[in-house]
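Notes for the one structure printed next.
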Amino acid sequence: MTDFYADFNGFQKGGLSAEQYFYTQTYEAFKANAENNTLPFFNKDLNKIPRELSTGKIINNENAIALEQIASRNGYKSNLWIYGDELNKLQKEVGDLYFKKGTMPVLCLTKYFGSTHLNEQDLYISEGGSKSKEQYLYNVDSLTDRSREKILKYYEKANAVDKVYTSENYKAFQTNIRLNQNDNSASLKRIKEKVIEASNQNGMNLAFVTNCHYLHNLSNSIGKPELAEIKTANQKERCYQSANAFCEKAYKSRISSHKAGLMLCTALNAGIEFQRISVAKGYNLENAKKIEELKVAEANRTRPYQRGGCWSY
C-alpha cells in the first residue's frame, strides 16, 4: 500500500519550518516557470479554479498560487487536488493507489484570510484529511492512470459544483459591468490600491505578473477562459520579463527562496482578492459574507434540536 504524505514531516529542507517550505516550493516553481515559459496564467489546461476533490471546495488564497505554479511546472492538466491522508484512507475502499515516479506533493497551509473566505465554498486546509494545519495535497494528474480512474469516479461532484459556481459568478460579473459601478464602488477602489501597493516588492514592480494572474483567475471563475487569452495577449512578454527580472534580483540580492516566495505570494494574493471582488455582487464581498451568515443562521434556526433524548421542532 502506497504511503501518501499527509502532514509536514518528510520533505523538510535544511530545517525549514512548514511556512518556509511552503514559500520555497512556490518560488522555486515560479522561477522554473518564468525560465521555461510555463507560467500558469497562460496555460490553457489550467482553466478551472483549484478544487479539493473530497470536499469539492475551492482552494483559495496563497495555497492556490502554490498549487497552480507547481501544476504548471510539472505539466499537469488538472486543477483538482486531494489530501494525501484522504488517498491513504481511500486505498482501503478502492484498492492500492499509486503516484507517478518523481511526484512531489504540494504542502498547503491553513490560511485565515477572512476578506475572501466563504465557508460554504472555500476550503480551510485543516478541514479534511488529517485535520492538521499543514497538509500535503496531490494533483490527480500525479497519480497513475488506473489510480486516477478509481479516484475520479468517487468525486464527480467537484465538476458539478464548479459549473454552478462559474455560472453564478458570470451573472454577477455581467451585472457589475452593466451597472457600471466601477466609479462609485469604494471596495473596488480599495482593492485596486492594494494591488498596486502589493505589486511593488523589494524595488521590483510585479504589476504585469499580478495582472495576468488576476485575469487568469477571473476568467476561470466565470467559466470564460477566452477572456484571459484576449486580455493578456499583449502583456505576456512583459509578464515574463518582469517575472525573470524579479528572480534575477532575488538571486543577486541573496534573498532566500522562502522570502522571495513570500514577496511573490503577497503580490499575487492581492490579485486573487481583486478577482473575488470582481465577481461579488456590487463589487462587495462583504455582502456575500453577510448573505452566507444569514443562510447559516436560518438553517440553525429551523434545524431540529434534541430535548430529553427526543427530537423537537
How does the hydrophobic cluster around L46 look, that is, which other residues are in it when side-chain heavy atoms under 4.5 Å mark a link?
->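 None; L46 is a cluster of one.
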
Is the side chain of S253 donor-acceptor paired with the backbone N or O of A250 at a distance under 3.5 Å, no angle test?
->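 Pair absent, no side-chain N/O of S253 close to backbone of A250.
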
Just by modelled atom types, is the L107 backbone N or O under 3.5 Å from a matching donor or acceptor in the Q25 side chain?
->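 Such a contact is found between Q25 side chain and L107 backbone.
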
Salt bridge (Lys or Arg N to Asp or Glu O under 4.0 Å) against [X], all qualifying residues, sequence neighbours excluded:
{"X": "E229", "value": "none"}
{"X": "K57", "value": "E127"}
{"X": "K252", "value": "E248"}
{"X": "R238", "value": "none"}

Could you list all the ring pair (Phe, Tyr, Trp, His ring centres under 6.0 Å) pairs where at least one residue sits in [range], not counting sequence neighbours?
{"range": "residues 220-242", "value": "F42-Y240"}
{"range": "residues 58-95", "value": "none"}
{"range": "residues 213-238", "value": "F41-H213, Y214-F274"}

Side chain to side chain donor-acceptor pair (under 3.5 Å) evaluation trace for E28 with T26 = CA-CA 6 Å; E28 289 180 349; T26 305; over 6 Å; no

After noting the C-alpha distance and the side-chain angles of D145 and R148, does the key distance pass the side-chain contact (heavy atoms from CB on, under 4.5 Å) rule?
-> CA-CA 5 Å; D145 291 345; R148 191 164 60 249; 2.7 Å; yes

Hydrophobic clustering (ILVMFWY, side-chain heavy atoms < 4.5 Å, transitive) - are [Y] and [X] grouped together?
{"X": "Y124", "Y": "I58", "value": "no"}
{"X": "L39", "Y": "M204", "value": "yes"}
{"X": "L67", "Y": "F30", "value": "no"}
{"X": "I82", "Y": "L137", "value": "no"}
{"X": "Y136", "Y": "I125", "value": "no"}

Report the residues that fulfil side-chain contact (heavy atoms from CB on, under 4.5 Å) with T2, sequence neighbours left out, ordered by chain and then residue number.
->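 So T2 forms a side-chain contact (heavy atoms from CB on, under 4.5 Å) with F4, Q91, Y98, F99.
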
Results of side-chain contact (heavy atoms from CB on, under 4.5 Å) for A34 - residues two or more places apart only |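 side-chain contact (heavy atoms from CB on, under 4.5 Å) check on A34 returns A243, N244.
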
Do E193 and R190 sit within salt-bridge range, that is, some charged N less than 4.0 Å from a carboxylate O?
->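 Answer for the salt bridge query: no.
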
Does a sphere of radius 6.0 Å around [atom1] in [X] hold more than 12 heavy atoms from other residues, nucleotides or ligands, not counting ones at 6.0 Å or beyond?
{"X": "E237", "atom1": "CD", "result": "no"}
{"X": "F208", "atom1": "CZ", "result": "no"}
{"X": "K133", "atom1": "NZ", "result": "no"}

May I have the step-by-step check of side chain to side chain donor-acceptor pair (under 3.5 Å) for N33 and T38, ending in yes or no?
-> CA-CA 5 Å; N33 287 327; T38 54; 2.6 Å; yes

What closest approach, in Å, do [X] and [Y] show between heavy atoms, and which atom pair accounts for it?
{"X": "G56", "Y": "R51", "answer": "O-NH1, 2.7 Å"}
{"X": "I191", "Y": "A270", "answer": "CD1-O, 4.0 Å"}
{"X": "L90", "Y": "I151", "answer": "CD1-CD1, 3.5 Å"}
{"X": "C247", "Y": "Y27", "answer": "CA-OH, 3.3 Å"}
{"X": "N202", "Y": "M263", "answer": "CB-SD, 3.7 Å"}

Distance-only polar pair, side chains of [X] and [Y], donor-acceptor under 3.5 Å:
{"X": "N159", "Y": "K48", "answer": "yes"}
{"X": "Q174", "Y": "Y170", "answer": "yes"}
{"X": "D7", "Y": "Q135", "answer": "no"}
{"X": "S199", "Y": "E197", "answer": "no"}

Could you tell me the separation between the [atom1] atom of [X] and the [atom2] atom of [Y], rounded to the nearest 0.5 Å?
{"X": "Q121", "Y": "T55", "atom1": "CD", "atom2": "OG1", "value": "12.0 Å"}
{"X": "Q69", "Y": "N74", "atom1": "CD", "atom2": "CG", "value": "11.5 Å"}
{"X": "E62", "Y": "L109", "atom1": "CD", "atom2": "CG", "value": "8.0 Å"}
{"X": "N79", "Y": "N139", "atom1": "CG", "atom2": "CG", "value": "7.0 Å"}
{"X": "L268", "Y": "N211", "atom1": "CG", "atom2": "CG", "value": "11.0 Å"}
{"X": "S54", "Y": "L87", "atom1": "OG", "atom2": "CG", "value": "9.0 Å"}

How would you list all residue pairs meeting salt bridge (Lys or Arg N to Asp or Glu O under 4.0 Å) that involve residues 29-41, not counting sequence neighbours?
->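 Output for this query lists K31-E35.
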
Determine which pairs satisfy salt bridge (Lys or Arg N to Asp or Glu O under 4.0 Å) with at least one residue from residues 89-100, sequence neighbours left out, and list them in order.
->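 The answer is D85-K89.
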
Begin with the C-alpha distance, continue with both residues' side-chain angles, and end with the deciding distance and a verdict on side chain to side chain donor-acceptor pair (under 3.5 Å) for Q275 and S221.
-> CA-CA 8 Å; Q275 173 261 306; S221 71; 3.2 Å; yes

Stepwise salt bridge (Lys or Arg N to Asp or Glu O under 4.0 Å) test for K171 and E168 | CA-CA 5 Å; K171 290 176 183 177; E168 292 179 350; over 6 Å; no

